[in-house]
Structures are given as structure tokens and as C-alpha cells.
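The chains referred to below are lettered A, B, ... by the order of the sequence lines, with proteins before strands, and numbering in each begins at 1.
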Amino acid sequence: MPTTAAPTLTVRVLLFASYADTLGFDAVDLSFEAPATVGDVLARLRALPGGERLPPRPLCALNLTHVRSDAPLSGGDELAILPPLAGG
Amino acid sequence: MPTTAAPTLTVRVLLFASYADTLGFDAVDLSFEAPATVGDVLARLRALPGGERLPPRPLCALNLTHVRSDAPLSGGDELAILPPLAGG
Amino acid sequence: MYLTELPLDLGALLDSVQSPERGGVACFLGTVRNHHGGREVLRLEYSAYAPMVEAECARIVAEAESRWQVAVALRHRIGRLEIGDAAVAVVAASAHRDEAFVASRYVIEELKRRVPIWKREVYADGTVEWVGLAGSGAAGQRGSSVVNAA
Amino acid sequence: MYLTELPLDLGALLDSVQSPERGGVACFLGTVRNHHGGREVLRLEYSAYAPMVEAECARIVAEAESRWQVAVALRHRIGRLEIGDAAVAVVAASAHRDEAFVASRYVIEELKRRVPIWKREVYADGTVEWVGLAGSGAAGQRGSSVVNAA
């Protein structure tokens, strides 16, 4: 919901496992004024019901690769917020 | 073939793999004046045809346990002279 | 494909990496335990971010195969697993057993650290919980503070 | 029995040590390579001082099971083996994967160092040679100075 004429970008956000349960959905498209980072997505998620239970620095993967929260976003990116891993 | 009246002991000596090929037999009973050690057996073997090709310090096992050449012998012992191991 | 919903076939993984040049083969199997955190586990369910599992596993295998002279096979099972079922299998074959050992260890450690797979444990008391490793965020070691299912 | 003349059955060894408490299983397989010292190997034959193999393997397994919380299975094949056949298999199962890895490594290293087994390699050029590890005596790395068979 951009409120200015600044260019916007839309990213696909995926939630998994306990985070999907916590926020009540497993995928959402979110739009931001450019430039935006992974941290901006996390801030948006934290404002949603249940989002306050996300940890301060969750694991994040951008287009199937682990990234830090200062990674910049591009339109069409797929950003996954990953609960603590438990494979193996 | 003890030549004195000293007490004698007889041990069973086993040869394996390349050592059996070298000396031409794989088992022999040898008698020694007591006390005797593994080293005495090695010295006796070295005097046999082909025995000069035994290494200076071959692996030896006394009654199924690795021993050094100064290990003492008792009558009825089984002493195995082990070529370089190649299991695995 | 590194993910499967079928039981893991160690023999097939061995066949895929063994060769007459590679005399040393190290493997690791991770199987479902019947206890966790002092509680009796009845069964569990693995889920995954499948496309990233494939991408990250391919990266890990490529790293191992470039660092050591090994051929690596890796498979992780998802879906419902019973106690004793194998969840993950790693095989590393090499002409040098040291490299086989080191590479197999590397792959399982990196998988646990980097590959997006989650599990929900079903306990004997009827509760269900997401399980996570420590250090991945404030949600902490157990997902119990986040989710209480039944 | 740690020695067998039959093909090794990894599945049976896994079954013998896996349990619902032991979620981590590390294995090692040593298979017959097609080359040695730059020469092409056609097949080989393992022989052993069988009673001592049983005694020494039992000691090694006991050492591993006392040093770490593991259950260990170990089997070595003797007789004629073809390229690719497994000659030795070690399995270590533990509640902790680190212990499974360390114990399986310990067992294979100690087996190579202590267990009286020998092999004769048959080469593509028709020669046959006893093969040995370095450091076990002046006969040195290869038995060729001691024996020339055909």
C-alpha cells in the first residue's frame, strides 16, 4: 500500500512450519517502496497478528539462498522466513 | 634339541602369508632352554633357509596378543610371526 | 533429487557413488529416535522448503566434491516417519578413506546447519511440537513457545 | 564372528546395532580397488590368522564401546574377492552422531593396524603379490622382495 509516487517492488514472502502456524498463513505478496531490504519485510511481518512472536533475527532465504537481513530486494523476489532448521 | 640338562620349553610357531612362503612352512614346534623369549624364536628362524629374509623386527603375537620380541615364553605357547598387515 | 517421500534406499545410494577406483566408502544414517528432551516420541513428520532443499543440498555436495576427491550421495526423507525410520542418508566414496570420512561428516553437518527442513514430533502424551536447533533465532531450541498443537 | 567367507551384508550389520535410542549410524565399507601402486588389479585373495582376528576384533570393538556410547558391528571377508566387493564393513550406532563417526573411524584404523589379515593381489600382467602396509618391518611396503609368485 505505497502512499507516495516512489517506485514500488513486490516480493513473494513464504512462511514455514512454526512461523506459518504463528502468523496463520504460509505465503503472501508484499509491496514496498524501493529500495527495500529483507529487514523491511520482517518489520512488516512483525506488525501483523502473531508477528510479534518472530525472533529478532530469523533465518531468511532470498531466491533459495541464505541471506542476512540487510540484503536488498528486487521485484519478483521470493523471500522465505525459516524457523530453526531440524533436518537430519 | 637341548644339549644340557636345563629345563626346556616347546612353543608352537606359526608363519603366515609371505613369511610362510619365504621359509617354506607355516607351523613348527621349537624347543628352547628356559628362560626363552620371542627373540630367541626369531633368531632360530633366521638360521633356517630363507630366514635371513625376515625383517629385523617382525610383528609377533603370543597366544593371540601382540607382543614385543623381549616377551618371555612358556611351554605350550603359540607364537605367530606376522607379515605386514593388509586388512581393511 | 535430494528429497523423497519414500523410504531411503542405502543400497541404491551406495551403488550411485561406488566405483572400482573408490575403495573407501563412509556413510551416515540419521534415524528417528523414540525420545527427545526426555519425552517419548511416537512418530514425526518432516516438512521442507523443497526447492531450496534441492538448491542447498546441491551446493553442499558440490562443496564436498570440490574440497575432497569424493563422490557424494545424499537423500532426505520427508512426510510421516516412524521410530527407527531413516530420515537422512549420506554416502561419500573415495580412493582415500580419510577423505570419505571427512566429506561425509561435512555433508551431514552442513545439511543440519543450512538445509530448510522441519520436523513435528508427536509425543506419547498426545501433544505435537515443532522441533528446532538452537541458535537459529529467539524461538530457541523448541518451538513450543510458538506453537501448541494437539 | 568377525570373519566370514560370504559377501558382506551391510543391512544385517545395520540391523544388529540400530535401536530406537541410537539415532546416528556411521558406517565404513572398504571395497576392492582395481589398481594398486600403479598396476591394474584383477582380483585378490584375503587370508587371516583367524583365531587372532576374532580376539583382536573383539578387543577393538570393546575398546570403542567403552570409550564412546556406541554399539559397533564389524565384519571382514576373506577368500577370493573381485573388484568392487566389500572386504570390510564397520557400523557404529549412537544417540550422538559425533560418537558414531569417531567410533567407526577408530575401529577401521585399529583394524588396519592390529588385525592379522593379509592379501595377495593378482595383477593384469599375470603376477601375484602379497601386499602389506609400511612400517611393519623391513619387508617394507610390498611383499615383492620376499615372494615372487606367478
Side-chain angles (χ1 to χ4, degrees), chain C residues 7-15 17-37 40-44 81-109 111-112 119 121 124 131, chain D residues 7-15 17-37 40-44 81-109 111-112 119 121 124 131:
Chain C
L8 299 183
D9 182 348
L10 182 60
L13 293 178
L14 287 168
D15 289 345
V17 295
Q18 283 186 300
S19 82
E21 291 78 30
R22 304 188 194 107
V25 185
C27 341
F28 180 80
L29 285 176
T31 65
V32 177
R33 281 188 289 179
N34 62 355
H35 62 280
H36 182 251
E40 185 184 350
V41 177
L42 292 185
R43 62 173 185 276
L44 49 74
L81 275 71
E82 308 293 330
I83 303 303
D85 284 347
V88 64
V90 181
V91 181
S94 175
H96 312 283
R97 73 179 179 283
D98 184 63
E99 304 216 335
F101 272 109
V102 172
S104 65
R105 184 74 193 263
Y106 176 83
V107 169
I108 188 67
E109 299 298 335
L111 178 140
K112 285 176 168 281
K119 64 179 169 187
E121 290 182 339
V131 178
Chain D
L8 298 184
D9 181 348
L10 182 59
L13 293 179
L14 288 167
D15 288 344
V17 294
Q18 284 185 299
S19 82
E21 289 80 31
R22 304 187 194 110
V25 184
C27 343
F28 180 80
L29 284 177
T31 65
V32 176
R33 281 188 289 180
N34 63 353
H35 63 280
H36 182 252
E40 184 185 349
V41 177
L42 292 185
R43 65 173 184 277
L44 51 73
L81 275 72
E82 308 292 331
I83 304 303
D85 284 347
V88 63
V90 180
V91 181
S94 175
H96 312 284
R97 74 180 177 284
D98 185 63
E99 304 217 335
F101 272 109
V102 172
S104 66
R105 186 73 194 263
Y106 176 83
V107 169
I108 188 67
E109 299 298 336
L111 178 140
K112 286 176 167 280
K119 65 180 167 186
E121 290 183 338
V131 178

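- The distance from atom CD of E21(C) to atom OG1 of T31(D), rounded to the nearest 0.5 Å, is 10.0 Å.
- The shortest side-chain heavy-atom distance between K112(C) and R97(D) falls under the 4.5 Å cut-off.
- Counting heavy-atom pairs closer than 4.5 Å to chain C, the top residue among S19(D), A95(D), G84(D) is A95(D).
- Interface summary for chain D: among A92(C), A93(C), A89(C), A26(C), the most heavy-atom pairs under 4.5 angstrom belong to A26(C).
- What you find for R22(C) and R33(D) is that their closest heavy atoms are C-CG, 4.4 Å.
- Closest approach of F101(D) and S104(C) over heavy atoms only: CE2-OG, 3.5 Å.
- Of the two parts of Q18(C), only the side chain, counted from C-beta on, holds a non-hydrogen atom closer than 4.5 Å to a non-hydrogen atom of chain D.
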